[in-house]
Engineer: 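Just passing along the structure, written as structure tokens.
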Amino acid sequence: MELATRTQADLTVLIPAFRDTFIEDAVGSCLQQNILPSSIIISDDSPNNLVIKRLQTRKDILYTAKECGVNIQLLEGPKRGVTCNLFALNALWNKKTEYYHLLLDDDVIMPEFYQTHLANFTRLNLLGSVSSRCLIDENGEVTGIPALPDMVTKLSGIGVVVPSEFLFKTVFQPALATNWLGETSNALFHKDSADIMFGRAEGSIRSTPGLGDISLFLELGTRERLGYTHQYLGGFRQHSNQHTSGKASEILFFGYADWITLARNMLKHERIAEDVSQSIVENHMNVLFSNQEKFSAFPTLKPFFDLLWDLKNPKACADFDQKWQVALSAYFYDLDVLGKNMN
């Protein structure tokens, strides 16, 4: 589609970048949209600002953005991990546009992505709209598709509101929970969801730093404000330098630990059965404690392991959730002011 024939949406793309390897693909896919975003904000958390330096050498990308009328902002990130980088991006964006897209630096979207999701927002009363994704390799080649619940695979491709009962039943499977919806990269959000994502409520990144995507999807689903389209509109890149590659890291720890707190919370709200919650908690605790030696390289995780150990004692369960949130508040002690110096 010619540049002059494309329209723009009141939409900001937020990219929390810490790798420069695939950043051109991510930004390029945004500039190839049938309906363009109005702005792209990239917060560079890489060592020595490698992302900024790499994009500054790509005059073709910057020229295309200028010709399309897309404002690209390249900013130095807080250098304190992905969660802090997300909060910095939120402070910079500050609900200036009607919609926002949290695109990870190694993922890509297809040209129909914004067009399809914006149509869903027009037809349905949504705060978030999710679509199916392909698996891609380091070269961007499709290698497969993630497993989806049978009901989802039978959808016609027209966006629908995800029933909350179906959502909880398919996510919280016995033994290990599963995030079949994917990441924020394959979702578009209305600005009103930002208060949930970046606030203190359940479903926020602050409450579940390792599962900010699925916890937000669950919260929107509870409100019957989550849509889903079974079209493969995004590419989830699998490579050796990603958070889910299996290498011990703080974010990987929370990726397991947050399922424990989510399962307990869903039980408290009677969203899942007690046996399902208990099974998820036990299995994810086993994964964490079997890898405790690897995670010991991160001293900041010790308070969380201490709490998980206490959780084995039934008498400690009563105030576990409160203590966990206190520990998270200490871990992210300055999220409320983060980003103010970046404006």
Side-chain angles (χ1 to χ4, degrees), residues 16 18 45 78-87 171-179 183 197-198 200-216 218-219 240-269 271-272 274-336 338:
F18 75 98
D45 238 27
K79 317 294 187 186
R80 285 186 48 209
V82 64
T83 303
C84 292
N85 205 9
L86 286 170
F87 271 80
V171 169
F172 291 97
Q173 305 267 356
L176 288 175
T178 177
N179 176 12
E183 297 72 37
M197 179 177 287
F198 298 103
R200 292 184 176 275
E202 295 169 356
S204 69
I205 296 176
R206 187 195 304 267
S207 298
T208 51
L211 295 175
D213 41 29
I214 187 59
S215 59
L216 177 63
L218 290 169
E219 182 61 29
S240 59
N241 191 29
Q242 64 187 144
H243 289 314
T244 53
S245 64
K247 297 178 181 178
S249 66
E250 290 175 277
I251 199 69
L252 182 64
F253 167 83
F254 286 116
Y256 286 109
D258 287 347
W259 281 118
I260 296 171
T261 58
L262 274 176
R264 288 174 54 82
N265 187 45
M266 293 303 106
L267 174 63
K268 181 177 69 175
H269 291 292
R271 292 285 178 180
I272 60 176
E274 184 174 0
D275 61 330
V276 174
S277 175
Q278 184 177 352
S279 177
I280 291 171
V281 169
E282 290 178 353
N283 280 282
H284 284 83
M285 284 184 64
N286 288 338
V287 171
L288 286 173
F289 279 106
S290 64
N291 290 280
Q292 185 172 5
E293 185 175 350
K294 296 179 181 178
F295 289 117
S296 64
F298 306 93
T300 51
L301 297 180
K302 185 180 184 303
F304 299 99
F305 266 111
D306 291 343
L307 285 173
L308 290 173
W309 185 262
D310 289 342
L311 192 58
K312 294 175 178 286
N313 179 1
K315 293 182 179 179
C317 293
D319 57 355
F320 169 83
D321 301 293
Q322 180 181 357
K323 288 181 177 179
W324 188 268
Q325 291 305 315
V326 169
L328 283 176
S329 295
Y331 185 78
F332 296 120
Y333 67 94
D334 61 352
L335 285 183
D336 290 324
L338 187 62

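All values derive from a computational prediction rather than experimental measurement. Numbers here simply count residues along the sequence, with the first being 1.
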Engineer: I need the minimum non-hydrogen distance between Leu86 and Pro16, along with the two atoms involved.
Structural biologist: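 Smallest interatomic distance, heavy atoms only, reads CD2-CG, 3.7 Å.
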
Engineer: Of the options Asp258, Thr208, Asn265, which is the one that meets Ser215 in a side-chain hydrogen bond (donor to acceptor under 3.5 Å, both in side chains)?
Structural biologist: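 Of Asp258, Thr208, Asn265, side-chain hydrogen bond (donor to acceptor under 3.5 Å, both in side chains) with Ser215 is met by Thr208 alone.
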
Engineer: Do the side chains of Leu262 and Phe172 get nearer than 4.5 Å, heavy atoms only?
Structural biologist: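 Side chain of Phe172 against side chain of Leu262, heavy atoms only: contact under 4.5 Å found.
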
Engineer: Apply salt bridge (Lys or Arg N to Asp or Glu O under 4.0 Å) to Glu250 and list each qualifying residue two or more places apart in sequence or on a separate chain.
Structural biologist: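 Per chain and number, Glu250 pairs via salt bridge (Lys or Arg N to Asp or Glu O under 4.0 Å) with no residue.
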
Engineer: By salt bridge (Lys or Arg N to Asp or Glu O under 4.0 Å), which residues pair with Lys302, not counting sequence neighbours?
Structural biologist: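 Lys302 satisfies salt bridge (Lys or Arg N to Asp or Glu O under 4.0 Å) with Asp306 once adjacent residues are dropped.
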
Engineer: Report yes if some heavy atom in the side chain of Phe18 is under 4.5 Å from a heavy atom in the side chain of Asn85; otherwise report no.
Structural biologist: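 Phe18 does not reach Asn85 side chain to side chain.
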
Engineer: What salt bridge (Lys or Arg N to Asp or Glu O under 4.0 Å) pairs are there with at least one residue in residues 275-289, not counting sequence neighbours?
Structural biologist: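 Passing the test, one end in residues 275-289: no pairs.
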
Engineer: Who are the ring-ring contact (aromatic ring centres under 6.0 Å, His included) partners of Phe298, not counting sequence neighbours?
Structural biologist: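 ring-ring contact (aromatic ring centres under 6.0 Å, His included) list for Phe298, sorted by chain: empty.
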
Engineer: What residues form a side chain to side chain donor-acceptor pair (under 3.5 Å) with Thr261, not counting sequence neighbours?
Structural biologist: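 For Thr261, no residue satisfies side chain to side chain donor-acceptor pair (under 3.5 Å) once neighbours in sequence are set aside.
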
Engineer: Considering only heavy atoms from C-beta outward, does the side chain of Ile260 approach that of Leu288 to under 4.5 Å?
Structural biologist: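 Yes, side chains in contact.
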
Engineer: Do Leu311 and Leu307 touch side chain to side chain, with heavy atoms closer than 4.5 Å?
Structural biologist: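 Not in contact.
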
Engineer: Determine, using ring centers only, whether Tyr331 and Phe254 are less than 6.0 Å apart.
Structural biologist: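 Centroid distance Phe254-Tyr331: below 6.0 Å, so yes.
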
Engineer: Going by the ring-ring contact (aromatic ring centres under 6.0 Å, His included) test, name the single residue among Phe304, Phe295, Trp309, Phe253 that passes it with Phe289.
Structural biologist: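 Looking at Phe304, Phe295, Trp309, Phe253, the match for Phe289 under the ring-ring contact (aromatic ring centres under 6.0 Å, His included) is Trp309.
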
Engineer: Counting N and O atoms only, with roles assigned by atom type, does the side chain of Ser296 sit under 3.5 Å from a partner on the main chain of Glu293, one being a donor and the other an acceptor?
Structural biologist: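 Yes, because the side chain of Ser296 sits within donor-acceptor range (under 3.5 Å) of the backbone of Glu293.
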
Engineer: Please name all residues satisfying ring-ring contact (aromatic ring centres under 6.0 Å, His included) with Tyr256, sequence neighbours left out, ordered by chain then number.
Structural biologist: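 Result, ring-ring contact (aromatic ring centres under 6.0 Å, His included) vs Tyr256: none returned.
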
Engineer: Locate the shortest heavy-atom distance separating Phe198 from Arg206; write the atom from each residue and the value.
Structural biologist: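 Closest approach of Phe198 to Arg206, heavy atoms only: O-NH2, 3.8 Å.
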
